[in-house]
Amino acid sequence: TVNSYGKNLMEGKVPFAKLLRLINDIPGIERIRFTSPYPRDFNDELIHTMAELPKVCEHVHLPLQVADNDLLREMKRGYTVEHYETIGHKLRAAMPDIAITTDLMIGFPGETEEQFQHTLEFAERIRFDSAFMFAYSPRPGTKAAEREDQRNETEMLGASGDNGLILIGTGGSDRKYYRMKNDNSTAVFVEYKKDDPDFHRHIEYTKFFRKHNIPVPELLDVNSEEMTALFEDLGDVSLYSWLKCSRSEDQIEDMYRSVLDILIILHTAATDHVHECLLLQNRIFDYEHLRWETGYFLERFVTGLNNKKIEDPAALESELHKLASLVDSFPKTIVHRDFQSQNIMVTKSGNPGIIDYQGARMGPPAYDLASLLWDPYYRLEDGLRERLLEYYSGRITDKTCFGKDFLKTIVPCRLQRHMQALGAYGFLAAVKGKKYFMKYIPEAVRLLKEDVSESDDDYPALRKLVMTL
């Protein structure tokens, strides 16, 4: 493999890390990318070299195959799950923005359901940026091909009986998503936990949004008694994933403008007809919910994950009350409330679509704008953000519900949004064990520090706290 280069050379031995340094010094070479290194030979010297050299891309494709030590041993891979995870942590410590991609395999002979779950849990914990996923196929001449405990295709693809359902994700503990064949294409089958109120919101919001030209998945079928529904399949590429590939500045700006066009319809034309959907009209993003968000931030991130002591709780409480009262006073439209790059899909046609909209409420539109343009998952260049903000504001100026001081609502909503995001990251990382959310914390903290710095000393106790994070 590529990073094993030099191991068998005798005189003038050149390790792979040194080879990268030599290539980095060649005039005219602007970018260095290599694939696919082998985990067994991925050492600290290579990690430090990648972090140090400006021409080496912050990306590594590191094949895993499976996350079970017994299976890795049978495959004679020469590394353990623990060794692989250590490499991942070291890479992200040295290069916080690095993209880590991998290869995953299911259905190796003898693989048990428990071993398969180990791989799923590991992938969730590491949070790969993308993965090539394959079903095992026998290769003539190998010992694995001679084994009698081969898995059939139905078992490997996770199909449930003969219905062809393939599990593709879960929505916390309340719902599961399956991909299934539907005529000549695929559809997404959603299964909710009994008595989950989000089920009815999902159905009613879908009908309402599609009626008013918000590109959410089409509702193909629904069974209210069984709490299941069948939706159009928007594919697997989120805006977050789309941005991981090489894109020109013009492509990125055009895509974000298309996304903002959706947001503008949501905040204007759809809001004008919200009386048609009482479930949404009566669900208000109000003072109580805003205070819950900031309390979540303090409990789960500040005192929880960071174990910090709040020096002046009374002063901080007064400022958070002031902030929530201010944000609650802003004019309200329909807001998605989690309008960030992982909830925006890029379809095969190249057009954006929206998912995870069950949490929509009536709230300040700047909250959605903050979620998209100041997104911890993807850092926009400042000039681009300014152009996008101008694009959005230029199209809502004639709407009286926004008021002449709309731009002044953005910083308070940014404060609220980024405290909510950090509270969620703290909860998911510390309580749910989803450590991969840790990699988004530095950018969220950086954004929150910008927010308090632009607040004109309106929140001195909050600013003092934030600057210590």
Side-chain angles (χ1 to χ4, degrees), residues 113-114 116-121 123-125 154-155 157-182 186-211 214 216-236 238 274 276-286 288-289 292-293 295-296 299-300 334-339 342-343 345 353-363 420 423-424 427-434 437:
E113 178 64 26
E114 183 180 9
F116 173 66
Q117 289 299 323
H118 290 168
T119 301
L120 284 182
E121 292 165 5
E124 184 178 59
R125 187 164 72 248
T154 298
E155 292 174 315
L157 292 179
S160 177
D162 296 325
N163 59 16
L165 296 181
I166 300 172
L167 182 66
I168 58 174
T170 60
S173 60
D174 295 334
R175 56 190 181 272
K176 294 181 179 180
Y177 297 86
Y178 301 87
R179 179 166 284 127
M180 63 177 291
K181 291 182 179 180
N182 185 48
T186 58
V188 174
F189 180 80
V190 186
E191 184 178 55
Y192 275 81
K193 187 178 179 181
K194 299 300 181 184
D195 301 322
D196 184 344
D198 272 351
F199 173 76
H200 298 291
R201 294 191 189 103
H202 197 172
I203 302 305
E204 295 306 312
Y205 288 9
T206 298
K207 295 175 183 177
F208 173 74
F209 286 150
R210 287 191 62 84
K211 179 179 178 181
I214 304 298
V216 299
E218 180 184 356
L219 179 62
L220 303 176
D221 193 18
V222 61
N223 186 326
S224 298
E225 189 172 314
E226 295 295 327
M227 302 282 280
T228 62
L230 190 67
F231 289 91
E232 173 190 8
D233 189 353
L234 297 187
D236 295 310
S238 66
V274 72
E276 299 172 8
C277 184
L278 294 179
L279 269 179
L280 181 51
Q281 184 182 35
N282 296 329
R283 203 166 188 230
I284 311 300
F285 193 19
D286 56 11
E288 182 179 349
H289 196 87
W292 176 86
E293 285 189 341
Y296 193 54
E299 177 187 359
R300 297 300 186 183
I334 299 173
V335 292
H336 181 285
R337 214 186 63 76
D338 195 17
F339 201 74
Q342 294 195 3
N343 284 334
M345 306 302 291
I354 308 303
I355 61 170
D356 204 19
Y357 44 88
Q358 301 92 319
R361 293 173 179 261
M362 299 298 295
Q420 183 277 333
F427 173 74
L428 292 166
V431 179
K432 291 293 188 179
K434 299 181 178 182
F437 280 99

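When reading the values below, keep in mind they use all heavy atoms of this one structure, side chains included, and skip hydrogens, waters and symmetry mates.
Scanning for ring pair (Phe, Tyr, Trp, His ring centres under 6.0 Å) contacts around Phe339 gives His336, with sequence neighbours left out. In this structure Thr228 satisfies the side chain to side chain donor-acceptor pair (under 3.5 Å) test with no other residue, sequence neighbours excluded. Considering only residues two or more places apart in sequence or on other chains, Phe285 meets the ring pair (Phe, Tyr, Trp, His ring centres under 6.0 Å) condition with His289, Tyr367. When the salt bridge (charged side-chain N to carboxylate O under 4.0 Å, His left out) test is applied to Arg361, no partner is found at least two apart in sequence or on another chain. For Arg337, the side chain to side chain donor-acceptor pair (under 3.5 Å) test picks out Glu293, with sequence neighbours left out. Looking at residues two or more places apart in sequence or on another chain, you find a salt bridge (charged side-chain N to carboxylate O under 4.0 Å, His left out) between Glu276 and Lys211. The side chain to side chain donor-acceptor pair (under 3.5 Å) check on Arg125 picks up Glu85, with sequence neighbours excluded. Remark: Leu220 engages Asn182, Ala187, Glu218, Leu230 in a side-chain contact (heavy atoms from CB on, under 4.5 Å) (not counting sequence neighbours). Scanning for side chain to side chain donor-acceptor pair (under 3.5 Å) contacts around Lys207 gives an empty result, with sequence neighbours left out. Residues forming a side-chain contact (heavy atoms from CB on, under 4.5 Å) with Leu234 (at least two apart in sequence, or on another chain): Pro217, Glu232, Met345, Thr347, Ile355. Applying the side-chain contact (heavy atoms from CB on, under 4.5 Å) criterion to Gln281, with sequence neighbours excluded, gives Val274, His275, Leu278. Every residue two or more places apart in sequence or in another chain that forms a ring pair (Phe, Tyr, Trp, His ring centres under 6.0 Å) with Phe199 is listed here: Tyr192.
Annotation for Arg210 and Leu219: closest pair CD-N, 4.4 Å, computed over non-hydrogen atoms. Across all their heavy atoms, Ala229 and Ile203 have their closest contact at CB-CD1, 3.8 Å. Ala360 and Tyr205 get closest at one heavy-atom pair: O-OH, 3.5 Å. Between Arg179 and Thr186, the shortest heavy-atom contact is CG-CB, 4.0 Å.
Distance check, rounded to the nearest 0.5 Å: CE of Met362 to CZ of Arg283 gives 13.0 Å. Between Met227 atom CE and His200 atom NE2 the span is 5.0 Å, to the nearest 0.5 Å. Between Phe209 atom CZ and Ile354 atom CD1 the span is 10.0 Å, to the nearest 0.5 Å. Here CZ of Phe231 is found 4.5 Å from OG1 of Thr206. Values are rounded to the nearest 0.5 Å. In this structure, CG in Leu279 is found 12.5 Å from CD in Gln358, a value given to the nearest 0.5 Å.
The backbone N or O of Gly359 lies less than 3.5 Å from no partner atom in the side chain of Arg201, so there is not a single donor-acceptor pair. The closest donor-acceptor contact from the side chain of Asn343 to the backbone of Asp356 lies at 3.5 Å or more, if one exists at all.
Counting heavy atoms of neighbouring residues, nucleotides and ligands inside a 6.0 Å radius, atom CG of Asn223 exceeds 12 of them.
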